[in-house]
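Okay, structure first, notes after.
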Amino acid sequence: MPYCPKCDMEFIEGITVCSDCGSALMESKEVSDALKRQEQEETLARAHAEYQAQLSMGEDITDEIDDQTKEENATPSPAFNRRHGLPPTRVYVKKSEQYDDLKSSASAFFLVGGVLIVFSVLFWLDIISLPLGIIGKAVLSILGVVSLLVAVKTIRDAKNIKEQIGQEELQTQKLIQWFVDSYTGQTLDEQISREYGELIFEELSLKRFELIQDILVTNHDLSNPSYVDLLTEEIYSRLYPDS
């Protein structure tokens, strides 16, 4: 029987237009229901495909952001620097900086340990009442003692480092002065030119760094690469102040 899906009404055979809404009638209610199911399945299929596409795009964007973040936060490797004409990026921590860091750490541990000990004494004497229990009071006391012990050890380490500050500074100045007395920027550039020919500035800058490092390592027993980089930075700035 002819059927109007909008009005949900069936009509007698021969009628082709709904008398209520004026829409064309379907062949039968079964045909209308079948078309509805087909449209629903197609709609679900399109929605699923769009969701998968958005999900894939979101994963790609997330991966790209993660890769970019890792690349930005990662420390450049020596190979990366060589490819881009950059000097090494190893960072040497001077003895004076180590000493300052240790002093700060020791002060922090002393402060924390002292506060914990004071509070633990007050708790044990029941001057301050908190539901800590014996175990809680014991843990608080132990943490205070441990913090003070760490502070004492840190102070000892700081004293040992302090004794090395003068030696390091003297050695650094001697090595730098030896180099600038023995070589000039012009002599280094002439040697580089003989070996590599004409270079662009980035390549020349890198070759200068490498040559200074080679001379330092060859002529002196320097086993710490980051310390060699520190010396090279200072020597480079003295030999090539305009760079």
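We're numbering straight along the sequence, starting at 1.
When all heavy atoms are compared, the tightest approach of Leu116 to Leu140 is CD2-CD1, 3.5 Å. Listed here is the closest heavy atom pair of Ser147 and Val112: OG-CG1, 4.1 Å. Annotation for Leu148 and Ile117: closest pair CD1-CG1, 3.9 Å, computed over non-hydrogen atoms. A pairwise comparison of heavy atoms in Phe109 and Ala151 identifies CB-CB, 3.6 Å as the closest pair.
Under the 3.5 Å distance criterion, the side-chain polar atoms of Gln98 are matched with a main-chain donor or acceptor of Val93. Using a distance-only test at 3.5 Å, with no hydrogens or angles considered, a donor-acceptor pair links the side chain of Ser141 to the main chain of Lys137. Here the side chain of Thr187 pairs no donor or acceptor atom with the backbone of Tyr183 at under 3.5 angstrom.
Taking NZ of Lys95 as the start and CG of Asn160 as the end, the distance is 10.5 Å to the nearest 0.5 Å. One distance of note links CD of Glu233 with CG of Leu231; it measures 10.5 Å at 0.5 Å rounding. With values rounded to the nearest 0.5 angstrom, Ile142 atom CD1 is found 11.5 Å from Leu149 atom CG. In this structure, CZ in Phe179 is found 6.0 Å from CG in Leu239, a value given to the nearest 0.5 Å. Rounding to the nearest 0.5 Å gives a distance of 11.0 Å between CD of Glu168 and CD of Gln173. For the atom pair CD1 (Ile215) and CD (Gln213), the distance works out to 10.5 Å, reported to the nearest 0.5 Å.
Residues Ile200 and Leu204 do not share a hydrophobic cluster, defined by chaining ILVMFWY side chains whose heavy atoms lie under 4.5 Å apart. Clustering ILVMFWY residues whenever any of their side-chain heavy atoms sit less than 4.5 angstrom apart, transitively, puts Ile165 in a cluster other than the one holding Tyr227. Residues Leu111 and Val150 are members of separate hydrophobic clusters, defined by side-chain heavy-atom contacts under 4.5 angstrom among Ile, Leu, Val, Met, Phe, Trp and Tyr. Both Val115 and Val118 are assigned to one and the same hydrophobic cluster, defined by single-linkage of ILVMFWY side chains at heavy-atom distances under 4.5 Å. Using a 4.5 Å cut-off between side-chain heavy atoms of Ile, Leu, Val, Met, Phe, Trp and Tyr, with links allowed through other members, Ile127 and Trp124 fall into different hydrophobic clusters.
With Arg208 as reference, Asp189 is the one residue of Asp189, Leu188, Ile235 to meet the side-chain contact (heavy atoms from CB on, under 4.5 Å) rule.
Considering only heavy atoms from C-beta on, Lys207 stays 4.5 Å or farther from Gln191 through its side chain. Contact annotation: the side chain of Tyr92 never approaches that of Val228 to less than 4.5 Å [non-hydrogen atoms, C-beta and beyond]. Looking at heavy atoms from C-beta onward, Glu210 lies out of side-chain contact with Ile192 at the 4.5 angstrom threshold. Here the side chains of Leu230 and Lys94 are in contact, with some heavy-atom distance below 4.5 Å.
No hydrogens or angles considered: a donor-acceptor pair under 3.5 Å links the side chains of Gln186 and Glu190. Between Ser205 and Tyr240, the side chains place no donor N or O within less than 3.5 Å of an acceptor N or O (distance only, hydrogens not considered).
Counting non-hydrogen atoms of neighbouring residues, nucleotides and ligands closer than 6.0 angstrom, the CD1 atom of Ile135 reaches no more than 12 such neighbours. Around CZ of Arg238, the count of heavy atoms belonging to other residues, nucleotides or ligands within 6.0 Å exceeds 12. Within 6.0 Å of the CZ atom in Phe110, the count of heavy atoms belonging to other residues, nucleotides or ligands exceeds 12. Within 6.0 Å of CD1 on Ile134 lie no more than 12 heavy atoms contributed by other residues, nucleotides or ligands.
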Handout entry: Check against side-chain contact (heavy atoms from CB on, under 4.5 Å), Gln164 and Ile161
Key = CA-CA 5 Å; Gln164 303 172 17; Ile161 293 294; 4.3 Å; yes
Exercise for the section: Check the pair Glu234 / Leu175 against side-chain contact (heavy atoms from CB on, under 4.5 Å), numbers first and verdict last. Expected result: CA-CA 10 Å; Glu234 181 63 28; Leu175 289 171; over 6 Å; no
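Ion pairing of Lys159 with Glu163 is absent here, as no side-chain N (NZ or NE/NH1/NH2) approaches a carboxylate O to less than 4.0 Å.
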